[in-house]
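Here is the structure we will look at.
On a predicted model such as this, the values are computed, not experimentally measured, just so you know. Just so it is clear: chains get the letters A, B, ... in the order the sequence lines come, proteins before strands, and each one is counted from 1.
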Amino acid sequence: MPYRWPNKALFRRGSLLLLTAMILVACGQATPQTTLNPQTESARTIYDLSIYLFWLGVGVFVIVESWLIVSIFKYRHRDNDQLPAQIHGNTKVEIAWTIVPAIIAIFVFVLTFSAIQKIEIKPQVAAGEEVKVVVIGHQWWWEFRYPDIKDANGQPLVTANEMWVPSGSVIDLTITSADVIHDFWIPGLSGKRDAIPTRENKIWFRADPIADGDKPQTYWGQCAEYCGTQHAYMKMRVVVASPSDFARWSQEQSAVAVNTTLPPSFTAKGCVGCHAVRGTLAAGITGPNLTHFGSRQTIAAGTLDNNPTNLHAWLDAPNVVKRGNLMSAAIKDDTLSPEEIDELVTYLLSLDPGIDDKQQ
Amino acid sequence: MATDLGTLHHAPAKERSGWMDWITTVDHKKIGIMYLITALVFFVIGGLEALLVRLQLGTPENTLLTPEAYNQVFTMHGTTMIFLAIMPLGVGFMNYIVPLMIGAGDMAYPRMNAMSYWLLLFGGIFMYLSFVWGGNAPDSGWFAYAPLTEKLYSPTRGMDFWVLGLQLLGISSIAGAVNIIVTIIRLRAPGMRFNRMPLFVWMSLITSFLLIFAIPSLTVAITLLFFDRNFGSNFFLPAAGGDPLLWQHLFWFFGHPEVYIMVLPAFGMISEILPVFSRKPIFGYEFVAYSGVAIGVLGFTVWAHHMFGTGLGVIADTFFSAASMLISVPTGVKIFNWLATLWRGDLRFRTPMYFACGFIAMFLIGGISGVALAAPPFDLQATDSYFVVAHFHYVLFGGTAFALFGGTYYWFPKITGKMLSESIGKWHFWLLLLGFNVTFFPQHQLGIEGMPRRIYTYQANQGWDFYNLLSTLGSFLIALATLVFIVNVILSLRRGEPAGNDPWDAATLEWATTSPPPAHNFDDEIIVNSRRPLWDNKYSGENRGMTINPDFHPHLPPPSNAPIIFSFGLFVMAFGLLNLAATPLVGIPIILVALSISGFAMARWAGEIAEDPVL
């Protein structure tokens with residue numbers, strides 16, 4: 001465990017309290033995607049640095065704005081027609097106010113440099129203590145591959161828009177894109193990293209421990225680099241679970257689908273061309289893998305909550321729910337009959353291996 | 001051809017009537033006025049786009065705009081404000097004021113000056129025609145990251161309009177910058193050494209050097225993009241071995257100096273306004289001037305701080321972070337010198353002074369958030385979020401736009417001969433200050449709470465509703481303030497108080513001539529003896545600041561239609577290039593027509609130069 005001095009924690013808690021108080025007074029709403037609730041070492045390193053920068057900024061702000069306001073009131077024109085002293089400058093003063101900001105800048109830089117080291121350099125851990133995930137941005141959804149977790153077919157486990165990770169382990173993320181540049185951002189867990197096609201960017205984080213038996217924690221995030229029409233609805237969730245919950249989840253997710261009898265419309269209307277359901281002939285890779293669709297919290301990368309009504313609306317008119325998305329090129333208004341939609345909704349929601357993962 | 005210089009004494013330029021006078025003018029003052037009016041029109045258009053953005057984001061899951069429309073509107077808002085409003089407002093003031101401040105009769109290349117303006121106008125019109133003919137306006141954001149801009153992901157012609165429009169604007173900027181540099185170096189009044197130049201002239205000089213070094217990088221980037229989109233090259237297409245990060249490096253090598261291109265003229269204006277209304281000289285003239293040079297040089301070493309999210313690695317992060325933080329030093333020096341100029345002054349709170357003080361107060365906030373963003377770890381949370389949107393609006397709106405309004409109140413009397421109303425001006429200031437802060441301050445908090453920029457909507461469950469609504473309400477206060485400003489301009493033009501030559505009891509040479517100045521600017525040659533020629537003549541004694549040489553024969557070039565015809569040729573050329581790849585049978589003839597128009601204009605232009613007197 002890294003050593004921390006107690007008053008630093010106090011300072012941090014005090015600052016957090018002040019900031020959250022400000023927010024709560026203003027609106028009283030929960031902000032699930034906030035950067036102010038860091039739950040990993042690296043997110044906390046960033047948060048700590050931010051708090052220093054915040055107070056330093058407040059200090060500079062107060063000094064300079066007071067200087068301005070005092071000047072404005074003290075030296076405003078009064079009934080006095082004498083010309084003020086024509087002072088052209090003072091070299092000593094100039095040197096002083098060149099050096100002082102330079103010292104502040106160096107101080108900020110030293111803080112920054114140590115934070116860069118902490119967040120960029122991944123700790124060395126034994127192979128078993130690290131979970132690798134490959135994050136692939138697509139227009140407009142996220143694909144997550146676990147190269148070290150094999151599914152029932154012996155392939156790397158693949159999920160979409162929801163990534164589970166174990167608490168306490170180093171999570172080693174490789175971030176890339178299938179099309180344009182996206183940006184992977186889960187504010188509670190880590191800073192951003194661009195997903196750039198043909199490049200593999202790395203970040204890592206280690207989520208704070210969750211005891212076995214405690215509920216998994218869900219973190220919200222979304223694409224932060226403008227990536228076209230539906231940039232706003234390229235959202236994702238990361239679920240941090242206790243190691244045993246994660247083990248159970250990965251076992252369940254690796255299995256074939258709960259129900260391997262595809263409804264006829266799944267093949268007849270072309271769903272199989274883009275989507276995969278493990279254990280069936282559906283093996284498309286253009287769209288999200290649907291093997292355990294029923295276990296997911298949202299539809300269409302965070303556009304809608306995952307429930308029968310919403311899923312019905314989505315399959316009925318994907319272009320109304322999420323204009324411009326790729327599926328709407330194949331699924332038009334009349335592509336699926338009401339009966340087919342019902343059939344698909346029932347089937348897809350049945351694909352739930354059962355873990356109680358809709359909890360926050 | 002020999003010309004008798006004696007006959008040219010105060011020779012009025014050949015008079016043309018009405019609009020022909022304006023489109024053939026080569027007078028830097030008329031060109032400056034056209035720059036300012038054009039930029040103001042685009043400022044209003046860009047502002048209306050901003051209102052649409054804020055209306056859409058005022059409530060969660062709003063459906064006022066489709067995502068496609070929203071993406072075009074925010075892209076055109078950024079592009080318009082940067083290239084068609086803020087930059088040309090700065091250039092417009094430089095055009096009008098710099099020759100007057102250095103005691104010159106005109107710019108070094110008056111016809112090229114007209115060409116720069118016409119290319120700006122045509123470039124702006126061309127870009128906006130994309131709404132009509134492009135299928136869509138550009139929709140990839142003002143920094144247009146590849147490969148989203150490639151034909152594969154952006155199939156409409158919007159991005160081609162964007163590229164070609166920017167090319168026209170780029171030529172305009174480079175020519176304008178060369179003109180300002182040569183004017184400042186060659187046409188200063190006798191005795192006006194570099195260390196006697198007004199600080200606005202200093203900042204104009206630095207800005208112009210930044211332009212000629214920065215714009216070529218943009219030109220290269222957009223030319224490569226144009227080839228990718230139209231001729232099947234793969235500079236930025238990763239699947240074919242291209243590199244999307246190449247775009248980012250090229251773009252930001254232009255894009256960061258561009259920030260200083262927009263901010264340095266504002267620094268110059270503030271450095272003129274504060275001493276005049278404090279009735280003191282600027283504190284630390286040399287430090288204010290040289291810190292501008294330092295900012296300009298350092299500005300070229302920090303571009304990758306826009307790219308921390310791309311994963312540059314520890315070493316590059318460290319370098320670009322250090323260089324970016326270093327810029328806070330010369331910027332801090334400027335702010336301290338401005339405050340020291342106020343200190344022990346006799347402050348006269350006329351409207352320009354309100355805006356100058358507002359500038360310091362607001363720009364400081366943008367500077368503080370800028371230092372924070374220079375720290376890569378913090379940047380990784382804050383970049384591409386509304387925090388960044390708040391940051392650069394504090395720099396470019398709270399900073400530059402406040403200074404530009406201050407400059408407008410300051411120089412309007414010189415340009416028009418009429419004073420702007422002080423009482424309406426103060427309403428303008430307070431409404432703008434309030435509206436600006438209500439709009440943009442909450443956006444810091446939105447970014448910190450995880451709201452990414454450039455999203456067309458957000459869900460109610462994110463907790464972003466309140467600040468977004470507040471921000472939207474604020475934007476209408478800004479709109480109201482701008483309306484008040486426009487009313488002020490119209491009323492003051494009609495029945496403003498006469499300004500007289502020197503309404504502010506100022507120090508620099510533009511106030512030593514009539515308002516508005518005659519076509520040849522000064523009736524006599526001015527010999528400069530001090531840094532504050534007009535002031536020292538008034539307060540230190542006759543001839544202490546400047547002396548007059550009445551034996552003076554200003555030469556004014558005749559009006560010319562070559563610049564507008566030449567620029568129109570390039571405008572037509574843009575349509576040819578737009579169609580070249582898809583329909584060469586349309587594109588090639590248009591290009592040939594364009595070449596003949598421009599060729600004709602060039603021949604005319606060259607002929608006119610041949611008749612200029614050799615001075």
Side-chain angles (χ1 to χ4, degrees), chain A residues 26-27 29-31 33-36 45-46 49-50 53 57 60-61 64-65 67-68 71-72 75-77 83-86 88-89 94 97-98 101-102 105 108-109 112-113 115-116 119-120 180-181 183 187 191-194 196-198 201 222 224-232 323-324, chain B residues 66-68 71 141 145 147-148 153 238 244 279-281 283-285 287 309-311 314 317-318 321-322 325-326 328-329 332-333 335-336 339 342-349 357 360-361 364 368 371-372 375-378 380-381 383-384 448-450 452 454-457 462-463 466 539:
Chain A
C27 58
Q29 278 183 305
T31 50
Q33 207 160 292
T34 184
T35 61
L36 299 179
T45 302
I46 296 177
L49 176 68
S50 312
L53 292 172
V60 171
F61 176 83
V64 178
E65 301 283 3
W67 185 357
L68 174 66
S71 308
I72 287 173
Y75 298 112
R76 70 180 189 278
H77 175 64
L83 216 50
Q86 301 291 297
H88 288 267
E94 296 285 351
W97 66 42
T98 307
V108 171
F109 176 72
T112 301
F113 184 65
I116 293 175
I119 64 167
E120 291 278 344
V180 302
I181 297 178
D183 187 287
K192 300 181 188 71
R193 191 60 86 201
D194 286 353
I196 303 170
T198 69
N201 258 332
Q222 73 187 95
E225 189 66 76
Y226 174 65
C227 57
T229 313
Q230 287 294 346
H231 170 53
R323 270 177 76 90
Chain B
T66 63
E68 292 90 342
N71 295 340
Y145 274 3
L148 184 62
Y153 303 108
R279 306 188 57 72
K280 275 176 67 200
F283 193 90
Y285 171 95
F287 290 88
T310 62
V314 173
D317 277 3
T318 306
S321 167
M325 287 175 187
L326 206 54
S328 67
V329 176
V333 166
I335 291 178
F336 296 142
L339 291 169
L342 297 178
W343 199 254
R344 297 193 178 162
D346 177 19
L347 312 186
R348 308 295 172 101
F349 278 95
C357 291
I360 297 176
L364 176 73
I368 290 171
V371 172
F378 177 71
L380 291 179
Q381 286 286 22
T383 191
D384 284 321
I448 293 299
E449 287 173 1
R454 298 176 163 180
I455 52 174
Y456 72 88
T457 193
Q462 292 282 12
F466 175 79
Y539 290 97

Next item on the list: Could you check Arg76(A) against Phe349(B) for side-chain contact (heavy atoms from CB on, under 4.5 Å), going step by step and ending with a plain yes or no?
Entry: CA-CA 7 Å; Arg76(A) 70 180 189 278; Phe349(B) 278 95; 4.1 Å; yes

Next item on the list: Decide side-chain contact (heavy atoms from CB on, under 4.5 Å) for Phe336(B) and Thr98(A); before the verdict, give the C-alpha distance in whole Å, the side-chain angles of both, and the deciding distance to 0.1 Å.
Entry: CA-CA 9 Å; Phe336(B) 296 142; Thr98(A) 307; over 6 Å; no

Next item on the list: Apply the test side-chain contact (heavy atoms from CB on, under 4.5 Å) to residues Arg193(A) and Asp183(A): give CA-CA distance (whole Å), side-chain angles for both, the deciding distance (0.1 Å), then the verdict.
Entry: CA-CA 6 Å; Arg193(A) 191 60 86 201; Asp183(A) 187 287; 5.5 Å; no

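Only the side chain of Leu364(B) comes within contact range of chain A, with at least one heavy atom under 4.5 Å from a heavy atom of that chain. Both the backbone and the side chain of Tyr456(B) come within less than 4.5 Å of a heavy atom of chain A. Contact of Ile335(B) with chain A is made through the side chain alone, with heavy-atom distances under 4.5 Å. Leu347(B) touches chain A through backbone and side chain together, each having a heavy atom under 4.5 Å away. The part of Ala85(A) that comes within reach of chain B is its backbone (N, CA, C, O), which places non-hydrogen atoms under 4.5 angstrom from that chain. In this structure, chain B has a heavy atom under 4.5 Å from the side chain of Leu83(A), while its backbone stays farther away. Looking at Ile181(A), both its backbone and its side chain come within 4.5 Å of chain B, counting heavy atoms on both sides. When heavy atoms are compared at a cutoff of 4.5 Å, Gln222(A) approaches chain B solely by way of its side chain, counted from C-beta outward. Proximity to chain B involves both the backbone and the side chain of Phe61(A), based on heavy atoms less than 4.5 angstrom apart. If you measure heavy-atom distances from Leu49(A) to chain B, the contacts under 4.5 Å come from the side chain alone. Only the side chain of Tyr153(B) comes within contact range of chain A, with at least one heavy atom under 4.5 Å from a heavy atom of that chain.
The closest side-chain donor-acceptor pair between Tyr539(B) and Arg279(B) falls under 3.5 angstrom.
A donor-acceptor distance shorter than 3.5 angstrom exists from the side chain of Thr34(A) to the backbone of Leu36(A), with no hydrogens or angles considered. Between the side chain of Gln86(A) and the backbone N or O of Pro84(A), at least one donor-acceptor pair lies under 3.5 Å. Remark: side-chain polar atoms of Ser71(A) are not paired, donor with acceptor, to backbone N or O of Trp343(B) under 3.5 angstrom. Judged by distance alone, the side chain of Asp317(B) and the main-chain N or O of Pro376(B) form no donor-acceptor pair under 3.5 Å.
Counting heavy-atom pairs closer than 4.5 Å to chain A, the top residue among Gly309(B), Ala375(B), Gly311(B) is Gly309(B). If you tally non-hydrogen atom pairs under 4.5 Å between each of Pro281(B), Pro238(B), Pro67(B) and chain A, the highest count goes to Pro281(B). Ranked by heavy-atom pairs under 4.5 Å with chain A, the list Arg348(B), Met325(B), Gln381(B) is led by Gln381(B). Of the listed residues Asp346(B), Val329(B), Ile368(B), the one with more heavy-atom pairs under 4.5 angstrom with chain A than any other is Asp346(B). Options Ile455(B), Leu339(B), Thr66(B) differ in how many heavy-atom pairs under 4.5 Å they form with chain A, and the most are formed by Leu339(B). In terms of non-hydrogen atom pairs under 4.5 Å with chain B, the most contact-rich of Ser50(A), Ala232(A), Ala102(A), Ala105(A) is Ala232(A). Taking Leu342(B), Thr310(B), Val314(B) one by one and counting their heavy-atom pairs under 4.5 Å with chain A, the maximum is reached by Thr310(B). With chain B as partner, the option from Thr198(A), Ile116(A), Ile196(A), Ile119(A) having the largest number of non-hydrogen pairs under 4.5 angstrom is Ile116(A). For the set Val108(A), Leu68(A), Thr45(A), Leu53(A), the entry with the most heavy-atom pairs within less than 4.5 Å of chain B is Leu68(A).
The aromatic ring centroids of Phe283(B) and Trp97(A) lie less than 6.0 Å from each other.
For the atom pair CD (Glu68(B)) and CZ (Arg323(A)), the distance works out to 4.0 Å, reported to the nearest 0.5 Å.
Contact of the Tyr145(B) side chain with the Cys227(A) side chain is not registered, since no non-hydrogen atoms from C-beta on lie closer than 4.5 Å. Taking 4.5 Å as the limit, some side-chain heavy atom of Arg344(B) sits within range of a side-chain heavy atom of Tyr75(A).
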